[in-house]
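First comes the structure, then the notes that go with it.
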Amino acid sequence: MKGKTQLGEFLQARRSHLRPEDVGVATYGERRRVPGLRREELALLAGVSVSYYTRLEQGQAPSASPEVLDALAFALRLDEPERRYLHDLARTGRQRPRGRRPAPEQVTEEHAQLLDVLGDAPTLLLGRCGDVLAWNHMGHALFAGHVDPDAPDLPDRRPNMARLVFLDPHTRDLYADWPSKARAVVGHLRLVAGRFPDGAALHALVGELSAKSAEFAALWADHRVKSHMLASYEMRHPLVGSLTVVQQTLGLGRGTSVVVATTPAGSSSRAALALLAQATVPTEPARTPARAATD
């Protein structure tokens, strides 16, 4: 996933999704051989030369300035996460010393305190690529009750949410609108790829999922970028039936995040979570997540 190649592929993909009528480009009824905008049309909208834009898309031009990138983002109608991703890809392609390897992912004492304070709210602590570093009892019960609850404590056995969504039939059945969840997962991985382009774990994960899931491969090739800070999902839980939760994701720095599932007070979904808590009472006292590190 080299920066220049990814930058060109992203520009081409986003250009192909824009229709001329979306941006006020007249076609005069002509037949077009390819979907979306032509290079010269996008270059005109962004205020750059056609030759420069062509070299940029082909990975043959010097890195674009922030001003040019913003102009391209505006012409392509990118939202804020997509605009940031475009800048990340451009930074990756510049000639600069290789950055440090991402810090090892670990569960700190502060992370453990956060999971404890959140109490009965289903909560996951996720690493950069969606590895579950820790979960509380309700996080495990809601999102992956069929998985060994102690799996996050062992780096080589940690569940990965992207793998679960695409490769695990239990997780696929959990989401009433699975395609929406799948798009969100891939869109987030695209953001991670922009921020950590040299991450070996991400390369391995994308390669594995592309080989094992045609649906993932198609979504990855589409170059959609999506921020997943707030999303509502209807879930069909095998123990308590249908409920709707709002998944709120809070960044904790260095790619680590906490995902909390919330429901409105007095709602049937809140009642379903209460029932799930009663149905899955741990046989032993809850343990503080063990500290562990992994590359």
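These figures come from a predicted structure and were not determined experimentally.
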Q. Does the Gln278 side chain pair with the main chain of Leu275, one donor and one acceptor, at a distance under 3.5 Å?
A. no
Q) In a check of side-chain contact (heavy atoms from CB on, under 4.5 Å) between Met161 and each of Val185, Val132, Asp131, which one passes? A) Val132
Q: Run the numbers on Val246 and Thr263 for side chain to side chain contact (heavy atoms under 4.5 Å, CB included), then give the verdict.
A: CA-CA 6 Å; Val246 175; Thr263 55; over 6 Å; no
Q. Quick one: do the Asp168 and His146 side chains pair a donor with an acceptor below 3.5 Å?
A. yes
Q: Indicate if Val50 and Val48 have the same hydrophobic cluster label, given that clusters are the connected sets of ILVMFWY residues with side-chain heavy-atom separations under 4.5 angstrom.
A: no
Q. Below 4.5 Å, heavy atoms only, C-beta onward: do Ser257 and Leu252 meet side chain to side chain?
A. no
Q | salt_bridge(Asp148, Arg157) N-O dist < 4.0 Å | A | yes
Q: Flag the pair Arg15 and Glu57 as a salt bridge only when some basic side-chain nitrogen lies within less than 4.0 angstrom of an acidic carboxylate oxygen.
A: yes
Q | Counterpart residues, salt bridge (Lys or Arg N to Asp or Glu O under 4.0 Å), relative to Arg270 (two or more places apart) | A | none
Q: For the residue pair Leu56 and Leu72, establish whether any side-chain heavy-atom pair is separated by less than 4.5 Å.
A: yes
Q: Quick one: closest heavy-atom pair of Leu69 and Ala64, and the distance?
A: CD2-CB, 3.8 Å
(Q) Keeping His237 on the side-chain end and Leu273 on the backbone end, is there a donor-acceptor pair under 3.5 Å? (A) no
Q: Nearest 0.5 Å please: distance from the OG atom of Ser268 over to the CG atom of Leu243.
A: 8.0 Å
Q) If you take all heavy atoms of Ala121 and Ala261, which pair is closest and at what distance? A) CB-O, 4.4 Å
Q: Give the cluster check for Leu44 versus Val68: same hydrophobic cluster or not, with ILVMFWY residues linked at side-chain heavy-atom distances below 4.5 Å.
A: no
**Q.** Leu114-Leu250 co-clustered via ILVMFWY side chain contacts under 4.5 Å
**A.** yes
(Q) List the residues meeting ring pair (Phe, Tyr, Trp, His ring centres under 6.0 Å) with Tyr53, not counting sequence neighbours, and say none if there are none. (A) none
Q. Do Leu164 and Asn160 have side chains that get closer than 4.5 Å, going by heavy atoms?
A. no
**Q.** Atom pair CH2/NE2 of Trp135 and His140 - distance to nearest 0.5 Å
**A.** 4.5 Å
Q: Would you give the length of the straight line joining atom CG of Leu11 to atom CZ of Arg39, rounded to the nearest 0.5 angstrom?
A: 10.0 Å
Q | Audit row: Asn136, Asp116, side chain to side chain contact (heavy atoms under 4.5 Å, CB included) steps and yes/no | A | CA-CA 8 Å; Asn136 61 10; Asp116 182 59; over 6 Å; no
Q) Do Leu189 and Leu205 have side-chain heavy atoms sitting under 4.5 Å apart? A) yes
Q: Report yes or no: is the cationic atom of Lys212 (NZ for Lys, CZ for Arg) under 6.0 Å from the centre of the six-membered ring of Phe166, at an angle within 45° of the ring normal?
A: no
Q.
Quick check: closest heavy atoms across Ser242 and Glu234, and the distance to 0.1 Å?
A. OG-OE2, 3.3 Å
Q) Please walk me through it: do Leu115 and Val107 pass side chain to side chain contact (heavy atoms under 4.5 Å, CB included)? A) CA-CA 11 Å; Leu115 265 66; Val107 182; over 6 Å; no
(Q) Whether Glu215 and Arg172 form a salt bridge (side-chain N of Lys/Arg under 4.0 Å from carboxylate O of Asp/Glu) is what I want to check. (A) yes
Q: First locate atom NE2 of His111, then atom OG1 of Thr123, and finally report the distance between them rounded to the nearest 0.5 Å.
A: 13.0 Å
Q. Does Ser213 use its side chain to pair, donor to acceptor, with the backbone of Ser210 at less than 3.5 Å?
A. no
Q. Applying the 4.5 Å side-chain criterion to the ILVMFWY set and letting contacts propagate, would Met235 and Leu239 be lumped into a single cluster?
A. yes
Q. Is there a side-chain contact between Trp220 and Val206, using heavy atoms and a 4.5 Å cut-off?
A. yes
**Q.** Contact check, side chains of Leu202 and Arg128, non-hydrogen atoms, under 4.5 Å
**A.** no
**Q.** Salt bridge present between Glu208 and Arg163 (N-O < 4.0 angstrom)
**A.** yes
(Q) Set out, in order, the CA-CA distance, both residues' side-chain angles and the distance that settles side chain to side chain contact (heavy atoms under 4.5 Å, CB included) for Glu82 and Arg14, then state yes or no. (A) CA-CA 10 Å; Glu82 291 171 326; Arg14 303 285 14 102; 4.0 Å; yes
**Q.** Residues which pass side chain to side chain contact (heavy atoms under 4.5 Å, CB included) with Asp70, listed by chain and number, not counting sequence neighbours
**A.** Arg83, His87
Q) Does the side chain of Pro122 reach to within under 4.5 Å of the side chain of Val245, using non-hydrogen atoms? A) no
Q | Closest heavy-atom pair and its distance - Tyr175, Gln247 | A | OH-NE2, 3.2 Å
Q: Report the distance from atom CG of Leu191 to atom CZ of Phe196, rounding to the nearest 0.5 Å.
A: 11.0 Å
Q | Heavy-atom pair of closest approach, residues Ala272 and Val240 | A | O-CG1, 3.7 Å
Q | Distance, nearest 0.5 Å, that separates CZ of Phe10 from CG of Asp88 | A | 10.5 Å
Q. With side chains defined as the heavy atoms from C-beta onward, is the minimum distance between Asp177 and Tyr233 less than 4.5 Å?
A. no
(Q) Let's go through Gln248 and Thr262 carefully: what are the C-alpha distance in whole Å and the side-chain angles of both, what is the deciding distance for side-chain hydrogen bond (donor to acceptor under 3.5 Å, both in side chains) to 0.1 Å, and is it a yes or a no? (A) CA-CA 8 Å; Gln248 303 189 48; Thr262 63; 3.2 Å; yes
Q) Looking only at heavy atoms, what is the nearest atom pair of Thr244 and Ser232, with distance? A) CG2-OG, 3.4 Å
